[in-house]
Amino acid sequence: MKIKWANQALEGFQNIKSQHFTMQETKEYKKSLVKNIEEKVSLLGTSIPVNEREWKGSYKLIIDKYIIYYSLSDDRTTCYIEYFKHSRQRR
């Protein structure tokens, strides 16, 4: 499955940093996070729709305290990450 990121979601992903881990460890964490997103999307598909009106047609995941809204292409070969943020961040 291909993953395509909306600008806002990509910005949120790129902002993942840690004062407790090295840059290399953070890179490895980001890689594993993307892999986890792919696996969860494949597993859950469209089973958890977002209930907010402005996100109609989107679905929600929570992985490692990150909230991810996504949608799928009609043939389900592409996942569009529309929204990505840590659960402690304000909207």
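Position 1 is the first residue of the sequence, and the numbers go up from there.
- Taking the ring centre of Tyr70 as origin, the terminal cationic atom of Lys60 falls outside the region bounded by 6.0 Å and 45° from the ring axis.
- Once rounded to the nearest 0.5 Å, the distance linking OG of Ser18 with CE of Met23 reads 12.0 Å.
- Summarising the local packing, CG of Asp75 is surrounded by more than 12 heavy atoms from other residues, nucleotides or ligands at distances under 6.0 Å.
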Handout entry: Derivation and outcome, side chain to side chain contact (heavy atoms under 4.5 Å, CB included), residues Thr78 and Lys4
Key = CA-CA 7 Å; Thr78 305; Lys4 294 190 177 186; 4.0 Å; yes
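- Note that CD of Glu28 is 9.0 Å distant from OG1 of Thr22, once rounded to the nearest 0.5 Å.
- Using a 4.5 Å heavy-atom cutoff, the side chains of Ser71 and Glu82 are in contact.
- Within the 4.5 Å cutoff, the side chain of His86 has no heavy atoms near those of the Asp64 side chain.
- Within a 6.0 Å sphere centred on CZ of Phe21, other residues, nucleotides and ligands contribute 12 heavy atoms or fewer.
- Atom CD of Glu39 is separated from atom CD1 of Ile63 by 9.0 Å, given to the nearest 0.5 angstrom.
- For the pair Ile67 and Leu61, the minimum side-chain heavy-atom distance is 4.5 Å or more.
- The side-chain heavy atoms of Lys27 and Gln24, taken from C-beta on, include a pair separated by under 4.5 Å.
- The two residues Tyr83 and Ala9 come nearest to each other via the heavy atoms N-CB, 3.8 Å.
- Closest non-hydrogen pair, Glu38 versus Met1, comes out as OE2-O, 4.0 Å.
- Ring-plane geometry between Tyr66 and Phe84 is classed as parallel, the angle between the planes falling under 30 degrees on a 0 to 90 degree scale with a further cut at 60.
- Scanning all heavy atoms of the two residues, the minimum distance from Thr26 to Lys17 falls at CG2-CA, 4.5 Å.
- Counting heavy atoms from C-beta outward, Ile68 and Ile81 have side chains that approach closer than 4.5 Å.
- Partner of Ile48 under the side chain to side chain contact (heavy atoms under 4.5 Å, CB included) criterion, out of Leu44, Thr46, Asn51: Leu44 alone.
- Across every non-hydrogen atom of Ser73 and Thr77, the tightest pair is OG-N, 3.2 Å.
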Practice task
Could you walk me through whether Trp5 and Val34 pass side chain to side chain contact (heavy atoms under 4.5 Å, CB included), step by step?
Solution key: CA-CA 11 Å; Trp5 295 75; Val34 170; 4.2 Å; yes
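- The closest side-chain heavy-atom distance from Leu72 to Tyr80 is not below 4.5 Å.
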